[in-house]
Amino acid sequence: MSRAALAAFVALVAATFAAFFVAQRLKGAAPVVELRNARAPFSPNGDHRHDIKRFSVVVRHSDRLTVEIVDDGGGTVRRLADHVPARPNVPVHVRWNGRDDSGQTVPDGVYHVRVTLGRTGRTVTVPRDVRVDTVAPRPYVKAVGPSRIVAPGGSVTFTLGHRGRSRPTRLNLLRTDLAHPRVVLTTSIAADRQSWTWDGDLDGGPAHAGTYLAQLVRRDGAGNIGRVPAQVPTRQPIPGHPGVTVRGIGAQPPVGPVTAGSRVSIDVDSRRRPYRWRLRRAGVRGTVLSGHGTGTPLRFTAPSGPSGLFVLTLRAGRQRTRVPILVQSQKRARLLVVVPSLSWEGSAEVDDNGDGQPDTLDAGGPAQWPRVLPELPADLRTEEAPLLTFLDRAKIRYDLTSDLALALGNGPRATDRPAVLLAGPERWITVAYGKRLRRYVEDGGRLATIATGSLRRGVTVLTRAHGDSGQLSRPTQAVDRDPLDARLRPLRTLPAGTTLQPIAGTATAPLLAFWDGTLTGFATAEESDPPDSQSGARLDTGVGAVPGITAGIQDEPHPALTQSTLGKGTVIRIGLPGWAARTTTDTDVAQLTWNAIDVLLGATPSPHDLTELAAPAPKVKKKAKTRHRRAKRP
């Protein structure tokens, strides 16, 4: 190597070492501008939590500062301070509300602080970032185990998804099958825990049977609070599986009738506990069948004799449930009674998909069918059961089916039977079923409906491969015209002491025979408008409140009990809540109900009184107790 080359090499090495030491000295020196308290993110979303970012700027020498927020590209977003005096090492306090110079909230992201020193004219972009974060965390229940259906007092573990790294998660346990969901338990899950186990107890005892939902609440470093689900109830999809059903005992009855004397199979869920059961006919004291079992399904022979509504009661420990069983006689009758199984299934408070909310048609659906019913449908106790009890005590023979069974089949047809009675509010019907009811009447059939809010909402019935199960979906809102051309008005509260009497047609009509012409004691009514001339229907008889006078003009009458002609047939509609319950206690209601049945059957009405209904139908002879052997669970 030549001397010149060696000298150049030595000079290069010396320069390198010098630059290294200068750089180290610069690194160790205090920065010209320092930013303090800017590390934590903030959320300018107006919730009053971390909406303002407060930080400080510190300089080494006295100066006048201009402080700006800039984006990643260096563009000015907001000027926070302009020519503010600053002394060495004395913090200049600055605040930013997350808005730009035009007053708009900036998008989430990383921003920088740019400081201009007025004395030297130097501009410094501070390396430390300011982060805007308005996205709330989304904690969710990843899984529930070992099962989402537990017996009262049974434990269940909630496994969390998206755990908080440094902050705990609050879990609110809500009971959602109530009219107004409420929090029944609150706990905190530490940040280093991934799950929480509920022992199944509430207030010192086993939780009541019902539907429960785990709502997770977490707060992040920016002050955003994530609540999943945000509100209860909600129709929005809920991530994960936050639902738990506490079930003492439940049963899944057939959606249609079973034939008297045939073998009946009922799926029972008793959480593997032994249970007792008994079967009785609605409106009749005494037990027809009884027994005990430990598994599913429960099998017994349907009672022989006339058609009727039976109630199956099951008990497991202190828990009880009751479900309806429709039994159709082997002998055919001229009157077909239809009960609203679609409403029973669609209104049952059952969580089908594990989201912790009952899936009902009122909540928008969908709802599975058939379902494990937690209890007797409310309308059955106040509408269908009293009316069927009246028919039994009046010794009126009838066939029995459900609207769901008819929706899945083809009936009714006027050529098969002259009379159809819709017992109870058929709140949801399929379009095809509604058309068949209309065709039945137009072809000469006679139909009566004793309910309010009936035949006014649509639903789609989907079936699975075997046709014995499926889904109720796409429920519609109520309309003011039913398939039988009744233009129905909203349910109206009647003035106290209102007397109902004939207001349309003739008081000598068969429907009104042997009645004194006045009805009292009804507080509400679902009235109808007279059918228009283009509908094809004609009002023959109407009973309702006597119209008043408004501004010197007589009000138009709106009957709540009507008989109309549609095509070749007849439609009787009774839109008075509580009517069925009074059929065995009110002479006028009983007589008018008898008249309606006679009109349906084409018979001449005759006088009746309550003494004919005083003695309940004779008891069916109780059969020997049946021991139900344990069956394998499916």
Side-chain angles (χ1 to χ4, degrees), residues 40-41 43 45 47-50 133 135-248 271 317-319 349-359 363 374:
S43 56
N45 54 12
D47 63 356
H48 305 293
R49 291 184 296 267
H50 295 221
D133 178 11
V135 178
R138 294 282 292 169
Y140 69 95
V141 177
K142 183 178 180 180
V144 172
S147 172
R148 68 178 183 87
I149 302 177
V150 298
S155 65
V156 61
T157 298
F158 298 90
T159 302
L160 277 58
H162 289 317
R163 289 183 298 148
R165 295 181 179 179
S166 60
R167 297 175 181 269
T169 299
R170 187 171 82 244
L171 186 149
N172 296 326
L173 189 66
L174 295 93
R175 185 171 175 189
T176 59
D177 61 327
L178 306 174
H180 301 286
R182 61 183 178 89
V183 176
V184 295
L185 183 150
T186 296
T187 189
S188 180
I189 305 174
D192 60 347
R193 299 293 300 274
Q194 190 175 358
S195 63
W196 174 74
T197 299
W198 177 38
D199 61 7
D201 285 354
L202 290 175
D203 300 326
H208 292 288
T211 305
Y212 296 81
L213 179 149
Q215 180 191 58
L216 300 185
V217 183
R218 185 182 301 145
R219 184 173 182 174
D220 64 13
N224 300 298
I225 293 182
R227 183 178 284 104
V228 180
Q231 61 182 13
V232 180
T234 178
R235 295 191 179 184
Q236 299 298 319
I238 301 176
H241 304 278
V244 171
T245 296
V246 177
R247 180 178 293 161
R271 298 287 93 194
R318 296 183 177 181
Q319 285 77 44
E349 302 278 351
V350 178
D351 178 12
D352 293 323
N353 56 14
D355 68 352
Q357 299 183 112
D359 296 301

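All residue numbers in this chain count up from 1 along the given sequence. Computation of the quantities below employed the complete heavy-atom set of this structure, encompassing side-chain atoms and omitting hydrogens, waters and symmetry-equivalent molecules. All values derive from a computational prediction rather than experimental measurement.
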Could you tell me if the side chain of Thr197 sits less than 4.5 Å from the side chain of Asp199, heavy atoms only? no
Would you confirm whether Asp201, through its side chain, and Gly204, through its main-chain N or O, come within 3.5 Å as a donor-acceptor pair? no
Would you give the length of the straight line joining atom OG of Ser43 to atom CZ of Arg219, rounded to the nearest 0.5 angstrom? 8.5 Å
Looking at Arg247 and Pro152, what are the two nearest heavy atoms and their distance? O-CD, 3.5 Å
Answer whether the closest heavy-atom distance between the side chains of Gln357 and Ile238 falls below 4.5 Å. yes
Exercise: identify the closest heavy-atom pair between Trp198 and Val244: CZ3-CG1, 4.4 Å
About how many Å separate CG of Asp351 and CG of Leu213, when rounded to the nearest 0.5 Å? 8.5 Å
Looking at CD of Gln231 and CD of Gln236, how far apart are the two atoms once the value is rounded to the nearest 0.5 Å? 8.5 Å
Validation row: Arg227, Arg170 side chains within 4.5 angstrom (heavy atoms): yes
Contact check, side chains of Asn224 and His50, non-hydrogen atoms, under 4.5 Å: no
Do side-chain atoms of Arg175 reach the backbone of Ala209 as a donor and acceptor pair under 3.5 angstrom? yes
Nearest-0.5 Å distance that lies between atom CG in Leu178 and atom OG1 in Thr211: 9.0 Å
With no hydrogens and no angle check, do the side chains of Thr186 and Asn172 hold a donor and an acceptor under 3.5 Å apart? yes
Can you see whether Thr159 engages Ser195 through a side-chain donor-acceptor pair at a distance of less than 3.5 angstrom? no
What closest approach, in Å, do Ala191 and Arg167 show between heavy atoms, and which atom pair accounts for it? CB-O, 3.4 Å
Taking all heavy atoms of Asp177 and all of Pro358, pick out the closest pair and write down the distance. CA-CG, 3.8 Å
If you take all heavy atoms of Ser155 and Pro146, which pair is closest and at what distance? O-CD, 4.1 Å
Scanning both residues in full, the closest heavy-atom pair of Asp133 with Ala222 reads O-CB, 3.6 Å
List the steps, then state whether side-chain contact (heavy atoms from CB on, under 4.5 Å) holds for Leu173 with Phe158. CA-CA 11 Å; Leu173 189 66; Phe158 298 90; 4.2 Å; yes
Rounded distance (nearest 0.5 Å) linking atom CG of Asp359 with atom CG of Asn353: 4.5 Å
As an exercise, state the distance from CG of Leu160 to CZ of Arg193, rounded to the nearest 0.5 Å. 10.5 Å
Cationic N near anionic O, under 4.0 Å, Arg218 to Asp220: no
Under 4.5 Å between any side-chain heavy atoms of Val217 and Ile225, yes or no? yes
Using side-chain heavy atoms (C-beta onward) and a distance below 4.5 Å, is Leu185 in contact with Tyr212? no
Check whether any side-chain heavy atom of Thr245 lies under 4.5 Å from a side-chain heavy atom of Arg148, and answer yes or no. yes
For residues Thr176 and Pro233, determine if any side-chain heavy atom of one lies less than 4.5 Å from a side-chain heavy atom of the other. no
